[in-house]
Participant: 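Encoded as structure tokens, here's the structure I'll be asking about.
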Amino acid sequence: MEARTQNKLRITAIVWLIIIALNALAAGYSFMVEPTGKDIGIPLSYLQYSPFDNYLVPGILLFTTIGILSMVAAFLGIKKHPLFPHALFVQGCILLGWIVIQMLLIRDVNVLHVVCGISALAWITIGFLLWKASPDPF
């Protein structure tokens with residue numbers, strides 16, 4: 001893969017990571033501050049099939065695994081760190097797992113799930129392509 005294409009994929013992934021991360025940080029923080037979900041209009045009834053009574057634990061997990069880790073991956077991409085492709089691939093797997101588990105627990109699918117699922121698959125694909133095109137950092 002040519003360097004110009006790699007750079008475009010890297011920049012696209014960084015922007016995408018930051019957008020998803022900012023949303024996850026905001027929603028996760030909101031859930032931690034107001035675990036009922038009423039601040040962002042998400043009813044507690046979504047949790048009826050889950051092991052959670054409120055959104056505190058999901059908020060902490062969302063804030064850290066999707067928010068903070070996506071920002072770390074974006075930072076690695078900005079710095080052109082050789083581990084960026086690996087971080088992007090792993091973050092795609094984490095996001096995909098998060099979305100699949102969330103859909104199973106709330107027994108609902110909405111547009112945001114689809115967007116995040118597509119984002120996760122794109123991150124996995126881009127991470128894999130960049131990984132194969134770059135020298136092994138290990």
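The first residue in the sequence is number 1, and the count goes up from there. Model, not experiment: these values are computed from the prediction.
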Participant: Membership question, hydrophobic clusters at under 4.5 Å side-chain separation (ILVMFWY): are Ile14 and Leu22 in the same one?
Facilitator: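 Yes: a chain of side-chain contacts under 4.5 Å links Leu22 to Ile14.
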Participant: Check for me, please, whether Ile126 and Met71 land in the same ILVMFWY cluster - side-chain distances under 4.5 Å, paths through other members count.
Facilitator: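 Yes; tracing contacts between hydrophobic side chains, which count when under 4.5 Å, links both residues.
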Participant: Could you measure the distance from the OG1 atom of Thr125 to the CD1 atom of Ile118? Nearest 0.5 Å is fine.
Facilitator: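 It is 11.5 Å, given to the nearest 0.5 Å.
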Participant: Output a table of donor-acceptor pairs, distance under 3.5 Å, between side-chain atoms of residues 90-107 and any protein atom two or more places apart or on a different chain; print 'none' if there are none.
Facilitator:
{"from": "Gln91", "atom 1": "NE2", "to": "Thr65", "atom 2": "O", "distance (Å)": "2.8"}
{"from": "Gln91", "atom 1": "NE2", "to": "Ser70", "atom 2": "OG", "distance (Å)": "3.1"}
{"from": "Gln102", "atom 1": "OE1", "to": "His113", "atom 2": "NE2", "distance (Å)": "2.8"}

Participant: Does Leu56 reach the side chain of Met32, with side-chain heavy atoms less than 4.5 Å apart?
Facilitator: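 SC-SC contact between Leu56 and Met32 confirmed.
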Participant: Apply side-chain hydrogen bond (donor to acceptor under 3.5 Å, both in side chains) to Arg4 and Asn7, showing your working.
Facilitator: CA-CA 5 Å; Arg4 187 172 164 200; Asn7 198 45; over 6 Å; no
Participant: Is it the case that one hydrophobic cluster holds both Leu69 and Ile78, taking links as side-chain heavy atoms less than 4.5 Å apart, direct or via other members?
Facilitator: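 Leu69 clusters together with Ile78.
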Participant: What are the two closest non-hydrogen atoms of Pro85 and Ser134, and how far apart are they?
Facilitator: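 Looking at all heavy atoms of both residues, the shortest contact is CG-OG, 4.1 Å.
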Participant: Taking all atoms of both residues into account, what is the closest heavy-atom pair of Asn54 and Pro35, and its distance?
Facilitator: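 Shortest heavy-atom contact: CB-O, 3.4 Å.
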Participant: Counting only heavy atoms not in Phe52 (residues, nucleotides, ligands), do more than 12 fall under 6.0 Å from its CZ?
Facilitator: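 Yes, the 6.0 Å shell around CZ holds more than 12 heavy atoms from other groups.
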Participant: Are Ile19 and Val111 grouped together when hydrophobic residues (ILVMFWY) are joined by side-chain heavy atoms under 4.5 angstrom apart?
Facilitator: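 Cluster IDs for Ile19 and Val111 differ.
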Participant: Over 60° means perpendicular and under 30° means parallel, so tell me whether Tyr55 and Phe31 are parallel, tilted or perpendicular.
Facilitator: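 Correct class here is parallel.
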Participant: If you look at every heavy atom in Leu44 and Thr36, which pair is closest and at what distance?
Facilitator: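 Looks like CG-O, 3.5 Å.
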Participant: State which residue, out of Trp123, Phe128, Trp131, fulfils the ring-ring contact (aromatic ring centres under 6.0 Å, His included) condition with His86.
Facilitator: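 Running ring-ring contact (aromatic ring centres under 6.0 Å, His included) over Trp123, Phe128, Trp131 with His86 returns exactly one hit, Trp131.
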Participant: Linking I/L/V/M/F/W/Y whenever their side-chain heavy atoms sit closer than 4.5 Å, directly or via other members, would Phe63 and Val72 fall into one cluster?
Facilitator: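 The answer is yes; both residues are in one hydrophobic cluster.
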Participant: Surrounding CG of Asp53 (heavy atoms of other residues, nucleotides or ligands, distance under 6.0 Å), is the total greater than 12?
Facilitator: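 Open: at most 12 neighbouring heavy atoms sit under 6.0 Å from CG of Asp53.
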Participant: Using every non-hydrogen atom in the two residues, find where Leu62 and Ala27 come nearest and quote the distance to one decimal.
Facilitator: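 Minimum heavy-atom separation between Leu62 and Ala27: CD2-CB, 3.7 Å.
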Participant: If you look at every heavy atom in Phe84 and Ala13, which pair is closest and at what distance?
Facilitator: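 Scanning both residues, the minimum pair turns out to be CZ-CB, 4.0 Å.
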Participant: When rounded to the nearest 0.5 angstrom, what is the spacing between CH2 in Trp16 and CG in Leu9?
Facilitator: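 Result: 10.5 Å between the selected atoms.
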Participant: What are the two closest heavy atoms between Ser119 and Ile20, and how far apart are they?
Facilitator: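 Taking every non-hydrogen atom into account, OG-CD1, 4.1 Å.
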Participant: Between CG of Asn23 and CG of Leu112, what distance do you get to the nearest 0.5 Å?
Facilitator: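 Nearest 0.5 Å value for the CG-CG distance: 7.5 Å.
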